[in-house]
Amino acid sequence: MLFNSFEFLVFLPIVFALYWLLQRERRWQNLLVVIASYIFYGWWDWRFLLLIALTSLCSYGSGVLVEHYEGQRRKQKWVSACNIVLNLTILGVFKYFNFFVDNLEALFGAMGWHIDWVTMNIILPVGISFYTFQALSYTIDVYQKKLPATHDPVEFFAYISFFPQLVAGPIERATNLLPQFQRQRQFDYAKAVDGLRQMLWGLFKKMVIADNCASIVNEHWGEFETMPGLSLLVLLFLFGIQIYGDFSGYSDIAIGCARLFGINLMRNFAFPYFATTIPDFWRRWHISLTTWMRDYIYFPLGGSRCGMVKKLRNVFIVWGVSGLWHGANWTYICWGLYHATLIAGFTLLGLNGKDRADKPRGSWLKRLAKLPLAIVTYLLVVLSWILFRSENMQQASRFADRLFSTLFDDYHILYGEKWVYCSFAFLLVEWLQRDKQHVLQLPNFKPFGWRWCRWLVYYILIVMIAQNVGNAQTFIYFQF
C-alpha cells in the first residue's frame, strides 16, 4: 500500500479511529497496530508476510533465550549469533543471491571455466533491508544489555512491523520505539496536528517535486550520449532533487503519520544539501542508516579510537557495506566507496563538518565563509548520483565521460527549465526553515500567525498535490 494512494487515504482514518477508541487498552492498541501493519504490508504481496513474521518470531525468541541464559555468556553469544546469521541469510538469499552467482560465473568465465550456475527468479520483498536491520539492532542491544528482552510478542511484532516506517524507514532502534509500545499512550491534539502538517509537506515533496523531476530524468536519461555536458549536470541536479524529495518526503509522511498514533520516530533528514562537508552531509542524510552503521559496524571495528590507518580502513568497510545495503549492483558498492574516499579526504584535511554554515545563529560573515565548501560538497554529492542512477558500471563510465568531455560545449538547456527553477525555489524554502523539524512548522509572527494565511498555504499545497495525482511514481527507496 502506497502513502500516495487512494487505498491509504481510506485505510489511515479507519485505523486512526479504531486506535484511539482503544486508548485505555494498550495491549489491544498494539494488536491493532500489528493487524493494520500486516494488512498494509501484505497489500503488495501476502507472501511477504511470511518473511517478516519469521524474522519477528526468531528475533523475539532470541531475546527471550538470551535473557533465559543470563550469566551464561557463551550460550547467549550462540543464540544471538544464530539469529543474526538467520536474518542475514534471509536478506542475502532474497537480495543478493543472483548478484553473487552472476559474479562468480563471470569470474570463472574469465579463467576459461564456463559453469552453468543455478539462478532463481526471486522477487525482492519490499522493505526487507529496513526491517531486517531493526531486528538485528534488537538482538545486538539485548545481548549487550542495552535493553531488557520483551516477553510480549505483540509489542515486539508491533515494533518490527509498525506500518508508517515499515517499508522505507526510518530504521528505528528498539531502545527508542519498543518502550513506546510498552506504555500507555494519550491522544495529543497538538502533536497530531503537527503530524498532519509534516505529512502534507512530505506528500508535496514526493508528489509535486520528486515525481515531476523523475518524469524529466526518466525521459532523458537514456539520451545522455547525445546531450551536452551542462545538460547532463542539470539532469544530475534534477535526479538529486528527485531522490531527496522522494526519500525525505517518505520519511516526513512516516514520522508525521506515527505522531497521529502518539509515536515518535527519529528524524531521518536534516536538510542535507546545505552541508559544508561530506561528513556533515552524512550526518544529515538517511540519519537512521548512517547512525546504525556507526553503532553496529564502525564502533565495533574500533571506530576513531585507533590509528589513522585503521580508522580509514573502518570507514571503507562501513561504506562498502552501506553501498551493498542499497542494492545488489557494483554501482552501489562503488557509490559507497566513492563516499568513503571523500570522507577519508575530508578527515585527513581536518574538515569534519562540525561547524555548520546553515546554523540559524551566528554571524553572516562566518556562514558566508563556509559557502565555497558548501558548493564543493554539493557538487561532489551530485556527481555521486551518476553511480546511484546508472544501471551498471559501463553506463556510469560513459555518462561521466560524456559529462566531462562536453561540459563546455553548450550552455543551452533544452528541457526541464520549469522544474529546474521550481527545484531552486524548493531549496530556498527549505533554507528559510532550516532550524525547524519540517518546513510547515511556520513562524508565529505575522502574516503566518494569521489562521487564514496558514490555511491558504495548506490549500495551495493540497491543490498542487491533487493536480499531480496522475503523475504518481513509486517511492524510489522501495527497491532497497
Taking ring pair (Phe, Tyr, Trp, His ring centres under 6.0 Å) as the test, write out the residues that go with [X], two or more places apart.
X      : value
Phe299 : none
Tyr60  : none
Phe204 : Trp201
Phe247 : Phe269, His286, Tyr477

Any residue meeting side chain to side chain donor-acceptor pair (under 3.5 Å) with [X], in chain and number order, not counting sequence neighbours:
X      : value
Tyr143 : none
Gln437 : none
Thr132 : none

Are the charged groups of Asp194 and Lys191 less than 4.0 angstrom apart, N to O?
-> no
I'd like to check the salt bridge (charged side-chain N to carboxylate O under 4.0 Å, His left out) partners of [X]; sequence neighbours left out, ordered by chain and number.
X      : answer
Arg26  : Glu155
Arg389 : none
Asp211 : Lys206

Check the angle between the aromatic planes of Phe48 and Tyr41 and answer parallel, tilted or perpendicular using the 30° and 60° thresholds.
-> tilted
Take the angle between the ring planes of Trp285 and Trp282 and call it parallel below 30°, perpendicular above 60°, tilted in between.
-> perpendicular
Should the pair Lys205 and Tyr244 be classed as cation-pi, given the thresholds of under 6.0 Å to the six-membered ring centre and 45° from the axis?
-> yes
Only one of Tyr138, Phe133, Trp325, Tyr298 passes ring pair (Phe, Tyr, Trp, His ring centres under 6.0 Å) with Trp292, and that residue is Phe133
Got a sec, which pairs hit salt bridge (charged side-chain N to carboxylate O under 4.0 Å, His left out) with one end in residues 136-147, sequence neighbours left out?
-> Glu70-Lys145
Residues 45-60 vs salt bridge (charged side-chain N to carboxylate O under 4.0 Å, His left out), sequence neighbours excluded, gives Asp45-Arg47
